[in-house]
Amino acid sequence: MKLSTSFVCEVCGYDSPAFMGKCPECGTWNSLREIKVANQNSQLRSAMQNSAGQANTNPKKLSEIKFDEKDRFGSGFSEMDGVLGGGIVPGSVTLLAGDPGIGKSTLLLQLALNISKADNPVLYISGEESEQQIKLRANRLNHSRNNNLLLLSISNTDAIVDVIANVSPKLVVIDSIQTMESENLTGLSGSIGQVRYAAMEFIKIAKSQNIPIILVGHVTKEGMVAGPMVLSHMVDCLLFLEGEKFTRVRILRGLKNRFGPVDEVGVFSMTGAGMSEIKNPELLFLSQTKDGAAGSVLTATLEGTRAFLVEIQALAVFSKLPMPRRVASGVDSRRLELLIAVLQKHARLPIDAMDIYVNVAGGLKLSDPAADLGICLAIFSSLKNIPVNKIVGIAEVGLLGELRPVADFGKRAKEAKKLGFTNILGTDKFKTLNEVIQRLSK
Ligand code: TYD
Ligand code: MG
């Protein structure tokens with residue numbers, strides 16, 4: 001194979017033929033690493049070749065191309081099928097990313113057990129655990145004895161490609177992409193070159209044999225080194241498994257999907273016998289706050305097509321520091337800074353000398369701007385000691401302190417009413433943040 005040299009950014013995957021001190025794509029200093037890659041053109045060419053090894057040069061009419069929705073097959077988890085857009089597409093490559101220990105291996109082992117049948121072998125390849133360890137894990141999970149799950153503990157990329165071609169399974173799970181290694185290039189497993197090479201090889205075999213492959217990718221807290229972000233433009237689907245390790249709730253989120261909608265979520269719970277689906281997650285993100293507690297408010301967030309009622313908690317206390325703390329968990333910290341500034345300027349809340357902590361109950365990460373009003377009201381409630389914990393705030397807050405309407409307000413309000421919360425504050429009743437705060441102060 002022809003190898004050429006390339007310099008790849010560890011953070012964002014930017015590819016450059018020459019070394020640079022700063023990545024022009026993401027602006028990180030000193031993040032470019034030299035790697036040996038198989039010539040990009042020849043890689044792409046072989047990915048598009050048919051099984052006989054000939055390049056496919058005949059354009060086809062759209063109507064002649066066969067893709068049947070029926071080709072998708074279920075994962076055995078309806079929560080996961082929803083995220084994938086209706087099931088697993090043959091020949092697709094999916095990357096399941098998440099923090100170590102969050103439950104990726106458990107979820108995929110269950111999925112493999114669900115799918116494997118006598119005439120549908122599933123190949124589960126682990127570069128992290130021995131076959132005995134996987135067996136031990138499988139014993140904890142409820143599964144039928146007449147499965148046809150094939151296990152292999154190996155981390156050699158090239159050997160794995162041969163095994164996949166020989167076994168021709170219904171599905172392949174590779175746990176994890178960071179442990180894969182090839183002698184065809186230098187660098188330890190987990191280095192950006194090895195990770196990219198392995199992903200490229202697996203994509204090739206998936207496309208040419210029409211076998212779906214799910215790759216596991218670990219995310220590190222410090223910016224996902226050589227991990228999912230580098231691969232996200234190569235794979236067909238990128239899924240994230242999130243949650244806090246000390247709580248049971250796990251959220252599966254689709255961030256990229258070439259075969260379906262993005263931003264759908266599936267909700268699972270980690271139990272003693274593996275992951276179990278939570279089909280009615282309504283009450284999951286509400287903590288049992290006692291009546292009259294200040295600093296807690298509800299909001300309704302939209303995740304894909306589903307609305308969830310979520311509790312936001314805030315704590316505002318006098319700071320001893322010259323630069324008061326602003327600690328956000330579950331919401332973007334820059335968004336929090338911005339909302340604090342708006343509260344100060346437009347609602348005239350004296351919070352410039354306060355430490356402010358904001359937390360989203362249940363481990364959900366809110367990126368929906370509709371949570372803005374909720375965050376502001378939680379801070380207000382904690383500061384003034386005014387309980388608002390039966391109130392649902394649903395609106396985006398602008399820099400001028402104005403409230404902006406959000407998508408699908410009706411759906412969110414319906415979810416709140418279904419759970420018995422009828423005091424819903426939104427742009428239908430209020431135009432500015434200040435008006436809401438005036439009303440609640442009375
Ligand atoms: P794991 O799937 O190994 O995480 P990852 O592959 O993402 O690193 O999950 C590890 C955690 O899950 C571990 O702390 C034990 C816990 N666990 C359960 O709570 N129940 C179970 O049935 C299993 C198999 C694991
Ligand atoms: Mg694992």
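Counting starts at 1 for both ligands and their atoms, following the listed order. Side-chain atoms are counted along with the backbone in the values below, which use heavy atoms only and exclude waters and symmetry mates. Keep in mind that what you see is a predicted model, and the values were worked out from it rather than measured.
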Peer 1: Should the proximity of Ser105 to ligand 1, defined as any heavy atom under 4.0 Å, be assigned to the side chain, the backbone, both, or neither?
Peer 2: both
Peer 1: Hey, is ligand 1 close enough to Arg248 that some N/O pair sits below 3.5 Å?
Peer 2: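 No, since none of the N or O atoms of Arg248 sits under 3.5 Å from an N or O of ligand 1.
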Peer 1: Check whether any N, O or S atom of Ser176, backbone or side chain, sits closer than 2.8 Å to the Mg ion (ligand 2).
Peer 2: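 Given the 2.8 Å cut-off, Ser176 does not count as a ligand of the Mg ion (ligand 2).
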Peer 1: Just distances here: any N/O of Thr271 and N/O of ligand 1 closer than 3.5 Å?
Peer 2: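 Thr271 vs ligand 1: N/O contact under 3.5 Å present.
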Peer 1: Which distance, rounded to the nearest 0.5 Å, do you find between the CE of Met323 and the CG of Leu321?
Peer 2: 9.5 Å
Peer 1: Measuring from atom OG1 of Thr94 to atom CG of Leu84, what distance do you get when rounded to the nearest 0.5 angstrom?
Peer 2: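 One gets 6.0 Å once the value is rounded to the nearest 0.5 Å.
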Peer 1: Is Leu141 close to ligand 1, meaning an N/O of one under 3.5 Å from an N/O of the other?
Peer 2: no
Peer 1: Students should be able to answer this: which protein heavy-atom is nearest to atom 17 (N) of ligand 1, and at what distance?
Peer 2: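 Scanning the protein heavy atoms, the shortest distance from atom 17 (N) of ligand 1 goes to Met270 CE, 3.7 Å.
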Peer 1: To which protein heavy atom is atom 2 (O) of ligand 1 closest, and what is the distance rounded to 0.1 Å?
Peer 2: Thr106 OG1, 2.6 Å
Peer 1: Taking only heavy atoms of Ala273, which atoms of ligand 1 are found under 4.0 Å from at least one of them?
Peer 2: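 Those qualifying, in numeric order: 22 (O).
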Peer 1: Check this for me, if you would: do Asp119 and Lys170 make a salt bridge, where the nitrogen-to-carboxylate-oxygen distance has to be below 4.0 angstrom?
Peer 2: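 Result for this pair is no, no salt bridge flagged.
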Peer 1: Measure the distance from atom 3 (O) of ligand 1 to every protein heavy atom, then report the residue, atom name and distance (to 0.1 Å) of the closest one.
Peer 2: Arg137 NH1, 3.1 Å
Peer 1: Got the closest protein heavy atom to atom 4 (O) of ligand 1, with its distance?
Peer 2: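 Nearest neighbour among protein heavy atoms for atom 4 (O) of ligand 1, to 0.1 Å: Gly103 N, 3.1 Å.
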Peer 1: Should Gln194 and Ser182 be marked as a side chain to side chain donor-acceptor pair (under 3.5 Å) after you check the CA-CA gap, both sets of side-chain angles, and the distance that decides it?
Peer 2: CA-CA 7 Å; Gln194 291 284 5; Ser182 165; 5.1 Å; no
Peer 1: Given side-chain contact (heavy atoms from CB on, under 4.5 Å), test Ile394 with Ile424 step by step and report yes or no.
Peer 2: CA-CA 7 Å; Ile394 309 172; Ile424 299 165; 3.9 Å; yes
Peer 1: Are Gly98 and ligand 1 in contact, using a heavy-atom cut-off of under 4.0 Å?
Peer 2: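 For ligand 1, residue contact (heavy atoms, under 4.0 Å) with Gly98 is absent.
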Peer 1: Quick one: look up the protein heavy atom nearest atom 15 (C) of ligand 1 and list residue, atom name and how far away it is.
Peer 2: Arg140 NH1, 4.7 Å
Peer 1: Would you say atom 23 (C) of ligand 1 touches the protein, meaning some protein heavy atom is under 4.0 Å from it?
Peer 2: yes
Peer 1: Is it true that Asp15 and Ser6 share a donor-acceptor pair across their side chains at a distance under 3.5 Å?
Peer 2: yes
Peer 1: As a quick check of understanding, evaluate side chain to side chain donor-acceptor pair (under 3.5 Å) for Lys104 and His218, giving each step before the final call.
Peer 2: CA-CA 9 Å; Lys104 301 181 293 300; His218 291 297; 3.1 Å; yes
Peer 1: For Leu425 and Leu377, what are the C-alpha separation, side-chain angles and deciding distance, and is it a side-chain contact (heavy atoms from CB on, under 4.5 Å)?
Peer 2: CA-CA 10 Å; Leu425 308 185; Leu377 293 184; 4.1 Å; yes
Peer 1: Among Ile205, Asn166, Asn156, which residue satisfies the side-chain contact (heavy atoms from CB on, under 4.5 Å) criterion with Val161?
Peer 2: Ile205
Peer 1: What about Pro100: any of its N or O atoms under 3.5 Å from an N or O on ligand 1?
Peer 2: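 No - when backbone and side-chain N and O of Pro100 are compared with those of ligand 1, no distance drops under 3.5 Å.
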Peer 1: Of the backbone atoms (N, CA, C, O) and the side-chain heavy atoms from C-beta on, which set of Lys104 has a member under 4.0 Å from an atom of ligand 1: side chain, backbone, both, or neither?
Peer 2: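 Both the backbone and the side chain of Lys104 come within reach of ligand 1.
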Peer 1: Tell me which protein heavy atom sits closest to atom 10 (C) of ligand 1, plus the residue, atom name and distance to 0.1 Å.
Peer 2: Gly101 O, 3.8 Å
Peer 1: Of Gln313, Lys390, Glu311, which meets side-chain hydrogen bond (donor to acceptor under 3.5 Å, both in side chains) against Ser296?
Peer 2: Glu311
Peer 1: With distance as the sole criterion, is a donor-acceptor pair present between the side chains of Ser319 and Asp355 under 3.5 Å?
Peer 2: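 Yes, side-chain donor-acceptor contact under 3.5 Å.
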Peer 1: For the 3.5 Å polar cut-off, considering only N or O atoms, please tell me whether Asp175 and ligand 1 meet it.
Peer 2: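 So ligand 1 has no N or O lying under 3.5 Å from an N or O of Asp175.
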